[in-house]
Number of protein chains: 2
Amino acid sequence: MEPHEPDLAAVPVTAVLAALADDVRLQIVRALAEGGERACGTFEFGVSKATRSHHLKVLREAGLTRTRAAGTSRYVRLRRDELDHLYPGLLDAVLTQPNRS
Amino acid sequence: MEPHEPDLAAVPVTAVLAALADDVRLQIVRALAEGGERACGTFEFGVSKATRSHHLKVLREAGLTRTRAAGTSRYVRLRRDELDHLYPGLLDAVLTQPNRS
DNA sequence: ACCGTTGTTCGACAATCGTCGAACATCCCC
DNA sequence: GGGGATGTTCGACGATTGTCGAACAACGGT
């Protein structure tokens, strides 16, 4: 089954922004921005695995991440090149920001 | 009365992104990005004035706009300098995007 | 063939959000 | 000062969202 990874250019800007406008998802993106690829289970942000799965789905369907299945695990990575190309400065602007909880 | 315009640095990143993650508000921001200052009433986006007022409030409280009262009107403008300073590239990235409705 | 690990999907629930009309508040002008 | 114009605030409403536990699915090792 294909995990529904849309063409980034076909995703409305508001959907991309909405995907980033959540604390948990932003933490995931921050983590992905430093480590090239990570298994879903390695994200520990105090939410259940159902919620984590949901957030990863939102990110994927917003065109922000790609997912590769390997055995029982699933590896997620940022689509940084495409993002930087279509929204230059967006990721940098968001990621450079200090953690202001 | 001061209309609660927070220090942009004190606003969580997610709140800024959430404020931009709406079609109507994005249209308002786009309009503000070209014309320096506009009265609230000059925004015609097919929503009631109550809704428009609500969206302008969200933008203001997210630190994206400033409002100046003059007579019975209220003039709104983008806080572009502060935004570009704190989130370099964010506005440009979002505004340059074609309208993909 | 089982069992444990890893993720996804399915309701369900509370909270938030976008929207509206109606009521209210200000101001300007005649 | 009465009336019209411009905005804001107040419920109310339906829709969406974040969260969870439980059930399900797929894979790997022993």
Side-chain angles (χ1 to χ4, degrees), chain A residues 1-6 11-32 35 37-62 64-77 101, chain B residues 1-6 11-32 35 37-62 64-77 101:
Chain A
M1 71 134 218
E2 83 299 346
H4 193 211
E5 291 172 354
V11 177
V13 198
T14 49
V16 175
L17 293 170
L20 292 170
D22 178 275
D23 255 318
V24 176
R25 289 195 293 267
L26 201 48
Q27 289 182 61
I28 294 178
V29 170
R30 274 192 234 268
L32 285 176
E37 202 179 37
R38 285 184 58 169
C40 299
T42 68
F43 297 107
E44 273 306 332
F45 297 130
V47 293
S48 74
K49 61 178 181 174
T51 301
R52 181 197 341 131
S53 191
H54 162 69
H55 284 310
L56 289 171
K57 183 181 182 181
V58 171
L59 289 174
R60 177 168 18 96
E61 294 185 342
L64 296 180
T65 60
R66 287 203 188 279
T67 303
R68 173 180 67 90
T72 124
S73 293
R74 284 173 116 76
Y75 290 88
V76 186
R77 67 181 186 281
S101 60
Chain B
M1 76 137 214
E2 83 301 343
H4 192 210
E5 290 173 353
V11 177
V13 197
T14 49
V16 175
L17 293 170
L20 292 170
D22 177 276
D23 254 318
V24 176
R25 289 196 292 268
L26 202 48
Q27 287 182 62
I28 295 179
V29 170
R30 274 194 234 266
L32 286 176
E37 202 179 38
R38 284 184 59 169
C40 300
T42 68
F43 297 107
E44 274 306 334
F45 297 130
V47 294
S48 74
K49 61 177 180 174
T51 302
R52 183 200 336 133
S53 191
H54 162 69
H55 285 309
L56 289 171
K57 182 180 183 183
V58 172
L59 289 174
R60 176 169 17 95
E61 295 186 340
L64 296 180
T65 60
R66 287 203 188 278
T67 302
R68 173 179 67 90
T72 125
S73 292
R74 285 173 115 74
Y75 289 88
V76 187
R77 67 181 186 282
S101 60

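Just so we're on the same page: letters track the sequence lines, and every chain starts at 1. Values below: every heavy atom of this structure, side chains too, minus hydrogens, waters and symmetry copies.
The A/Val47 side chain lies nearest to D/dT19 when the options are D/dT19, D/dT6, C/dG7. Here the nucleotide nearest the side chain of A/Thr72, chosen from C/dG21, C/dT5, C/dG7, is C/dT5. With C/dG7, C/dG18, C/dT9 as the choices, the nucleotide that has an atom nearest any side-chain atom of A/Lys57 turns out to be C/dT9.
With DNA chain D read from its 5' end, the first of the two nearest nucleotides for A/Ala18 and A/Lys49 is the one closest to A/Ala18. Between A/Arg52 and B/Arg25, the residue anchored nearer the 5' end of DNA chain C, judged by the nucleotide with its closest heavy atom, is A/Arg52. Mapping A/Gly46 and A/Gly71 onto DNA chain D by nearest heavy atom places A/Gly46 at the nucleotide closer to the 5' end.
A heavy-atom distance below 4.5 Å is found between the side chains of B/His55 and B/Asp22. Looking at B/Glu5 and B/Thr67, their side chains come closer than 4.5 Å, going by heavy atoms from C-beta outward. A heavy-atom distance below 4.5 Å is not found between the side chains of A/Leu64 and A/Val58. Proximity of B/Val24 to B/Thr51: side-chain heavy atoms (C-beta onward) are nowhere separated by under 4.5 Å.
Within the structure, every side-chain polar atom (N or O) of A/Thr51 is placed at least 4.0 Å from both OP1 and OP2 of D/dT19. At C/dG7, none of the side-chain N or O atoms of A/His54 fall inside 4.0 Å of OP1 or OP2 (strictly under the cut-off). Residue A/Ser73 places no side-chain N or O under 4.0 Å from the OP1 or OP2 atom of C/dT5. Note on B/His55: a side-chain N or O is less than 4.0 Å away from OP1 or OP2 of C/dT19. Distances shorter than 4.0 Å separate some side-chain N or O of B/Arg74 from OP1 or OP2 on D/dT8.
For the pair A/Ile28 CD1 and C/dG7 C1', the interatomic distance rounds to 13 Å; values are reported in whole Å. For the pair B/Arg60 CZ and D/dT8 C1', the interatomic distance rounds to 9 Å; values are reported in whole Å. Residue A/Leu56 contributes atom CG, which lies 7 Å from atom P of C/dT8 at whole-angstrom precision. Nucleotide D/dT8 holds its C1' atom 12 Å from the CD atom of B/Glu61, rounded to whole Å. The separation between A/Leu59 atom CG and D/dT17 atom P is 14 Å, rounded to whole Å. Taking atom CD of B/Gln27 as the reference point, atom P of C/dG18 lies 14 Å away to the nearest angstrom. Note: OH (A/Tyr75) to P (C/dT6) measures 10 Å, nearest angstrom.
For the pair A/Arg38 and A/Phe43, the cation sits on the ring face: its NZ or CZ lies under 6.0 Å from the ring centre, inside 45° of the axis.
Across all strands, B/Ala39 comes closer than 4.0 Å only to sugar-phosphate atoms, never to a base (heavy-atom distances).
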